[in-house]
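Bear in mind that the values here come from a model prediction, so they are computed numbers and not experimental data.
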Amino acid sequence: MVEFSNNSSLEQFELLQKSGMLNSLEQLQKENKQLQRTIKDMSVLVTYSDAKSMMKFIISKFLDYLVPETLVFMIRQPRSNEITQYCYRKLIKEDAFLNNDLFYILKDYFDSNPNYYMSGEAVSFEKLMDDFSSNTFSQEFLSIEPKYIIPLIGLEGTYGIVIFTNKITGHQYDTTELFYIQNMFAVFAVSLQNEINYKTSITDPKTGLYTYDYFINRIQEKIAFVRRYNAHPAVLMLDIDHFKNFNDTYGHLAGDKVLAALAKTLRHSVREEDCVARFGGEEFVILLSECNPPSLFSVAERIRKEVEKMEVFEKDVRLRVTISIGGSFIKPDKSETPKTIIKRTDDALYQSKENGRNRCTLL
């Protein structure tokens with residue numbers, strides 16, 4: 001409540017009211033408060049180093065500020081055409097529900113107009129429609145009533161698309177909300193690009209799995225973890241049986257298809273916290289964060305059987321491969337090193353090969 005010590009001050013206040021300057025001052029104070037909030041949230045967002053953490057933070061802020069009916073992130077994975085979707089209804093996570101072709105339609109558009117759009121900019125979908133034919137977008141997509149499209153643009157073009165629909169209140173986004181959205185996604189775009197660049201530096205270009213060097217670093221971390229917390233991580237090493245003969249028979253392009261399919265099968269066969277790497281050629285390794293001897297053998301057998309069922313087609317020819325697996329635990333001994341672990345696991349793999357292949361051996 002504002003108090004005035006004399007009539008002169010009261011008259012000045014009334015004059016400010018009539019002139020509209022008081023309203024302008026209140027608006028400036030509101031905008032300044034919003035700017036401070038935006039800067040604060042941006043400074044926190046930039047500290048996160050992975051996409052899921054960044055999106056979780058953005059969602060938490062939106063819950064305090066604005067709630068779109070639908071929010072969809074479409075992110076192209078580095079070195080592949082695989083699109084990962086993160087979909088939210090009223091900011092509640094749901095399974096992916098949009099066709100991935102939508103990503104490439106929008107990507108091609110933004111990549112073809114590099115001078116008109118900036119990364120993190122909220123583009124009105126209604127205006128965007130003017131540049132497309134009426135049947136470009138599916139009814140599935142149009143049914144969610146997209147309001148804004150936000151491109152995430154890196155050095156090699158558009159790598160992500162964010163889709164906003166109207167707020168659950170039915171009201172339009174005001175200027176302060178759009179200011180907040182655009183600034184948050186400008187930071188998100190840069191941070192996510194940094195994460196993608198880092199992932200590219202530690203992954204194998206052919207399979208998308210982690211590299212040898214990265215895997216060795218993870219093992220070193222696990223050795224220290226085992227000694228400190230008495231944990232039970234383990235390593236599996238696997239090799240495609242008779243892969244040289246396979247390449248000689250079907251060609252290296254078919255072999256590359258098998259490597260890519262195997263990499264995908266391995267990723268889907270373990271937990272998110274486990275680490276899958278390509279050691280070179282047709283040899284792969286997996287670092288399992290925690291297990292016991294029975295579960296280690298079960299995991300190895302499950303992977304072996306999944307690969308045995310795996311199908312790859314080359315010129316309508318159905319191709320199949322099998323793998324041999326060796327496994328061992330990381331010991332808490334002071335003499336344990338990445339070299340001793342790899343040697344022991346490789347010895348187990350050798351036994352699987354010597355005993356007929358397409359089998360698992362633990363040491």
Spatial distance of atom CG (L142) from atom OG1 (T136) [nearest 0.5 Å]: 9.5 Å
Determine, for F97 and R89, whether the Lys NZ or Arg CZ falls below 6.0 Å from the six-membered ring centre while staying within 45 degrees of the axis. yes
Between Y173 and F179, ring centroids under 6.0 Å: no
Taking atom types as modelled, find out whether E195 and S49 have a side-chain donor-acceptor pair closer than 3.5 angstrom. no
In terms of side-chain heavy atoms, does Q172 have a donor or acceptor partner in N166 at a distance below 3.5 Å? no
Over 60° means perpendicular and under 30° means parallel, so tell me whether F110 and Y117 are parallel, tilted or perpendicular. perpendicular
Would you find a donor on one side and an acceptor on the other, under 3.5 Å apart, between the side chain of D174 and the backbone of E177? yes
Validation: residues 255-262 side-chain donor-acceptor distances under 3.5 Å, sequence neighbours left out:
unit_1: D256; atom_1: OD1; unit_2: K206; atom_2: NZ; d: 3.2
unit_1: K257; atom_1: NZ; unit_2: F313; atom_2: O; d: 3.3
unit_1: K257; atom_1: NZ; unit_2: E314; atom_2: OE1; d: 3.0

Quiz question: by atom type and distance under 3.5 Å, do the side chains of E140 and N99 form a donor-acceptor pair? no
Hey, is the main chain of I323 close enough, under 3.5 Å, to the side chain of R304 for a donor-acceptor pair? no
After noting the C-alpha distance and the side-chain angles of N100 and Q85, does the key distance pass the side-chain hydrogen bond (donor to acceptor under 3.5 Å, both in side chains) rule? CA-CA 8 Å; N100 287 336; Q85 286 191 42; 3.0 Å; yes
Would S295 and N292 count as having a side-chain donor-acceptor pair, cut-off 3.5 Å? yes
R278 side chain to G281 backbone, donor-acceptor under 3.5 Å: yes
For the residue pair F185 and F188, categorise the inter-ring angle as parallel (less than 30°), tilted (30 to 60°) or perpendicular (more than 60°). perpendicular
Ignoring hydrogens and geometry, is there a side-chain-to-backbone donor-acceptor pair from R344 to F329 under 3.5 Å? yes
Evaluate ring pair (Phe, Tyr, Trp, His ring centres under 6.0 Å) for F164 paired with Y88, printing each intermediate quantity in order. CA-CA 10 Å; F164 267 85; Y88 300 85; over 10 Å; no
Can N183 and T38 be said to form a side-chain hydrogen bond (donor to acceptor under 3.5 Å, both in side chains), step by step? CA-CA 7 Å; N183 278 278; T38 303; 5.8 Å; no
Given the side-chain rings of F125 and Y148, with only the six-membered ring counted for Trp, is the space between their centroids under 6.0 Å? no
Under the side-chain contact (heavy atoms from CB on, under 4.5 Å) rule, what do V299 and L288 come out as? Steps first, then yes or no, please. CA-CA 9 Å; V299 170; L288 300 168; 4.1 Å; yes
Check whether any side-chain N or O of D346 sits under 3.5 Å from a backbone N or O of M237 as a donor-acceptor pair, and report yes or no. no
Report the C-alpha distance between I303 and L266 in whole Å, list the side-chain angles of each, state the deciding distance to 0.1 Å, and finish with yes or no for side-chain contact (heavy atoms from CB on, under 4.5 Å). CA-CA 7 Å; I303 291 172; L266 295 179; 3.5 Å; yes
T322 and D241: side-chain donor and acceptor closer than 3.5 Å? yes
Let me check something: any side-chain donor-acceptor pairs from residues 209-216 under 3.5 Å, sequence neighbours excluded? List them with distances.
unit_1: T211; atom_1: OG1; unit_2: Y214; atom_2: N; d: 3.4
unit_1: Y214; atom_1: OH; unit_2: R218; atom_2: NH1; d: 3.4

G326 backbone acceptor or donor facing S352 side chain under 3.5 Å: no
Tell me yes or no: between the side chains of S143 and Q139, is some donor less than 3.5 Å from an acceptor? no
Any luck finding a side-chain donor-acceptor pair between N197 and Q193 under 3.5 Å? yes
Between F284 and F279 (judged by ring centroids, cut-off 6.0 Å), do the two rings come close enough to count as a pair? no
Look at the aromatic rings of Y180 and Y65 and report parallel, tilted or perpendicular, splitting at 30° and 60°. perpendicular
Apply side-chain contact (heavy atoms from CB on, under 4.5 Å) to residues Q77 and I83 and explain how you reach the verdict. CA-CA 6 Å; Q77 298 305 307; I83 307 298; over 6 Å; no
I need the T70 OG1 to I144 CD1 distance, nearest 0.5 Å. 5.5 Å
Does F225 have K222 sitting over its ring (NZ/CZ under 6.0 Å from centre, angle to axis within 45°)? yes
Establish, from distance only, whether the side-chain atoms of N135 and S133 form a donor-acceptor pair under 3.5 Å. yes
Under a 3.5 Å threshold, yes or no: a donor from one side chain and an acceptor from the other, between S53 and D50? yes
Taking V226's backbone N and O only, do any of them form a donor-acceptor pair with N230's side chain (distance below 3.5 Å, no angle check)? no
Roughly how far apart are L98 CG and I163 CD1, rounded to 0.5 Å? 5.5 Å
